[in-house]
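To find a chain, count down the sequence lines: A is the first, B the second, and so on, and within it residues start at 1.
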Protein chains: 2
Amino acid sequence: MIIISYVFDNDKPIYLQLEEIIKKEIFKGELLPSSKIPSVRDFALKYQVNPNTMQKALQGLEEEGFIYTVRTSGKYVTDNKEFILKEKRLVAKNLYQDFINNLRSLGYSDTDIKKILKESEI
Amino acid sequence: MIIISYVFDNDKPIYLQLEEIIKKEIFKGELLPSSKIPSVRDFALKYQVNPNTMQKALQGLEEEGFIYTVRTSGKYVTDNKEFILKEKRLVAKNLYQDFINNLRSLGYSDTDIKKILKESEI
DNA sequence: ATAACTGTACTAAGCAAGTAATACAAAAAA
DNA sequence: TTTTTTGTATTACTTGCTTAGTACAGTTAT
């Protein structure tokens with residue numbers, strides 16, 4: 001059992017942070033489609049959280065369609081690769097839009113923003 | 001007295017959201033350097049929050065250097081225009097870095113990111 | 001002088017959300 | 001058949017934010 005010593009942000013509920021972390025594992029292919037994920041208790045142990053907290057996170061992921069449950073057997077990553085890819089792209093798109101909107105709310109014009117993006121080296 | 005019917009996000013403390021809102025008013029020049037801002041009670045009324053909540057927000061802004069207090073007279077926006085501009089740029093820079101880091105955490109490579117930025121129209 | 005307005009401090013109460021502990025039900029494994 | 005493992009439900013605790021009320025001190029306006 002690998003224990004992940006993850007530092008959680010105090011500003012957000014842990015279960016939401018867990019959702020994001022696990023979702024990223026799916027996006028990155030660290031959790032493969034159709035594969036069985038660790039049990040609620042094992043997963044909780046791995047991330048050093050309460051099993052209920054982990055369950056809440058996994059319920060969220062199930063409602064979103066990333067995982068499904070076979071009762072008394074376990075939880076599995078969806079086999080819908082297309083869905084995973086689309087979600088990943090959607091998240092990226094939303095990150096971009098939020099970024100742009102935030103710059104605008106600071107008072108930057110679209111011309112300013114284009115300039116900022118052009119001059120930026122990653 | 002203009003009442004702002006602002007919808008606060010339940011995920012974050014109201015006083016922090018107020019700090020961001022007022023900070024943006026300063027960045028945008030809606031609150032000018034050296035100008036007097038509404039009293040704690042008036043400001044609270046304007047945003048429909050408890051005076052204590054508003055005071056907490058204004059205290060935060062004072063600690064950051066955006067406003068200063070003249071006791072029994074009122075609170076004023078800093079006259080340091082240079083500071084305001086630098087802070088605005090810092091916020092923008094951090095937004096950019098967070099954006100890039102988030103894309104990376106989704107599994108996008110730097111090459112992917114460059115492509116995304118290049119193909120994006122605002 | 002008096003009243004009104006400024007920021008500030010303090011206490012208490014209540015509420016909501018997150019977390020934790022425990023117990024239950026069903027299937028699989030031994 | 002018994003034990004273990006799975007997900008799930010319920011209940012209680014804790015924490016932090018918001019709200020509310022009150023009070024004080026100093027300046028400004030009347």
Side-chain angles (χ1 to χ4, degrees), chain A residues 1-23 26 31 34-78, chain B residues 1-22 26 31 34-79:
Chain A
M1 163 63 63
I2 300 173
I3 306 284
I4 306 285
S5 65
Y6 201 89
V7 180
F8 293 106
D9 184 351
N10 266 333
D11 295 350
K12 258 193 274 186
I14 291 177
Y15 76 95
L16 286 181
Q17 297 181 56
L18 286 171
E19 284 188 39
E20 289 181 12
I21 293 168
I22 297 168
K23 201 183 287 183
I26 296 174
L31 288 178
S34 303
S35 67
K36 184 175 181 177
I37 66 177
S39 75
V40 177
R41 290 172 179 83
D42 281 354
F43 229 155
L45 196 61
K46 180 179 176 186
Y47 282 99
Q48 299 285 286
V49 298
N50 187 281
N52 289 317
T53 306
M54 180 55 75
Q55 164 153 354
K56 197 165 184 181
L58 296 179
Q59 275 178 341
L61 288 174
E62 178 151 19
E63 283 167 19
E64 291 183 76
F66 287 96
I67 62 179
Y68 64 93
T69 299
V70 180
R71 208 179 188 266
T72 71
S73 163
K75 291 170 183 289
Y76 302 81
V77 178
T78 178
Chain B
M1 164 64 62
I2 299 171
I3 307 284
I4 305 285
S5 65
Y6 201 88
V7 180
F8 294 105
D9 185 349
N10 267 335
D11 296 348
K12 258 192 277 187
I14 291 177
Y15 74 96
L16 286 181
Q17 297 181 56
L18 286 171
E19 285 188 39
E20 287 181 12
I21 293 167
I22 297 168
I26 296 174
L31 288 179
S34 305
S35 68
K36 184 175 180 176
I37 67 177
S39 76
V40 176
R41 291 170 179 84
D42 281 354
F43 229 155
L45 197 61
K46 180 179 176 186
Y47 281 100
Q48 298 287 286
V49 297
N50 186 280
N52 289 320
T53 307
M54 180 55 76
Q55 165 154 356
K56 197 166 182 180
L58 296 179
Q59 273 178 343
L61 288 174
E62 179 151 19
E63 282 168 18
E64 292 183 77
F66 287 96
I67 62 179
Y68 65 94
T69 298
V70 180
R71 206 175 192 268
T72 71
S73 163
K75 290 172 182 289
Y76 301 81
V77 178
T78 178
D79 60 353

> Where is the tightest heavy-atom contact between B/Thr53 and B/Tyr15, given as atom of each residue plus distance?
Replying inline: O-CB, 3.7 Å
> Given B/Leu58, which of B/Thr69, B/Ile37, B/Leu18 fulfils the side chain to side chain contact (heavy atoms under 4.5 Å, CB included) condition?
Replying inline: B/Ile37
Could you please name the option among [options] that lies closest to any side-chain atom of [X]?
{"X": "A/Thr53", "options": "D/dG7, C/dA9, C/dT19", "result": "C/dT19"}
{"X": "A/Gln55", "options": "D/dC17, D/dA23, D/dT8", "result": "D/dT8"}
{"X": "B/Asn52", "options": "D/dG7, D/dC17, C/dA9", "result": "C/dA9"}

Return no unless some side-chain N or O of [X] is found under 4.0 Å from OP1 or OP2 of [N].
{"X": "B/Lys12", "N": "C/dA17", "value": "no"}
{"X": "B/Gln48", "N": "D/dT18", "value": "no"}
{"X": "A/Tyr15", "N": "C/dG18", "value": "yes"}

Using whole Å, what does the distance between atom [atom2] of nucleotide [N] and atom [atom1] of [X] come to?
{"X": "A/Phe43", "N": "D/dT5", "atom1": "CZ", "atom2": "P", "value": "18 Å"}
{"X": "B/Lys56", "N": "C/dA9", "atom1": "NZ", "atom2": "P", "value": "13 Å"}
{"X": "A/Asn50", "N": "C/dT22", "atom1": "CG", "atom2": "P", "value": "11 Å"}
{"X": "B/Met54", "N": "C/dG7", "atom1": "CE", "atom2": "P", "value": "11 Å"}
{"X": "B/Ile37", "N": "C/dT6", "atom1": "CD1", "atom2": "C1'", "value": "12 Å"}
{"X": "A/Lys75", "N": "C/dA28", "atom1": "NZ", "atom2": "C1'", "value": "17 Å"}
{"X": "A/Gln59", "N": "C/dG18", "atom1": "CD", "atom2": "C1'", "value": "14 Å"}
{"X": "A/Ile14", "N": "D/dT15", "atom1": "CD1", "atom2": "C1'", "value": "13 Å"}

> Any donor-acceptor pair under 3.5 Å linking the side chain of B/Gln17 with the backbone of B/Asp9?
Replying inline: yes
> Side chain of B/Gln48, backbone of B/Leu45: donor and acceptor closer than 3.5 Å?
Replying inline: yes
>> Within the 4.5 Å heavy-atom criterion, are B/Ile22 and B/Leu31 side-chain neighbours or not?
In response: yes
>> Tell me whether the side-chain N or O atoms of B/Asn10 pair up with the base of C/dA17 as donor and acceptor below 3.5 Å, since no angle test is needed here.
In response: no
>> Base, sugar-phosphate or nothing for A/Leu58? Non-hydrogen atoms, less than 4.0 Å.
In response: nothing
> For DNA chain C, what residues of residues 61-74 of chain B have any heavy atom nearer than 4.0 Å?
Replying inline: B/Thr69, B/Arg71, B/Thr72, B/Ser73, B/Gly74
>> Both A/Arg41 and B/Val40 contact DNA chain C. Taking the nearest nucleotide for each, which residue is further toward the 5' end?
In response: B/Val40
> Are the charged groups of A/Lys56 and A/Glu19 less than 4.0 angstrom apart, N to O?
Replying inline: no
>> According to side-chain contact (heavy atoms from CB on, under 4.5 Å), who are the partners of B/Lys36, at least two apart in sequence or on a separate chain?
In response: B/Tyr76
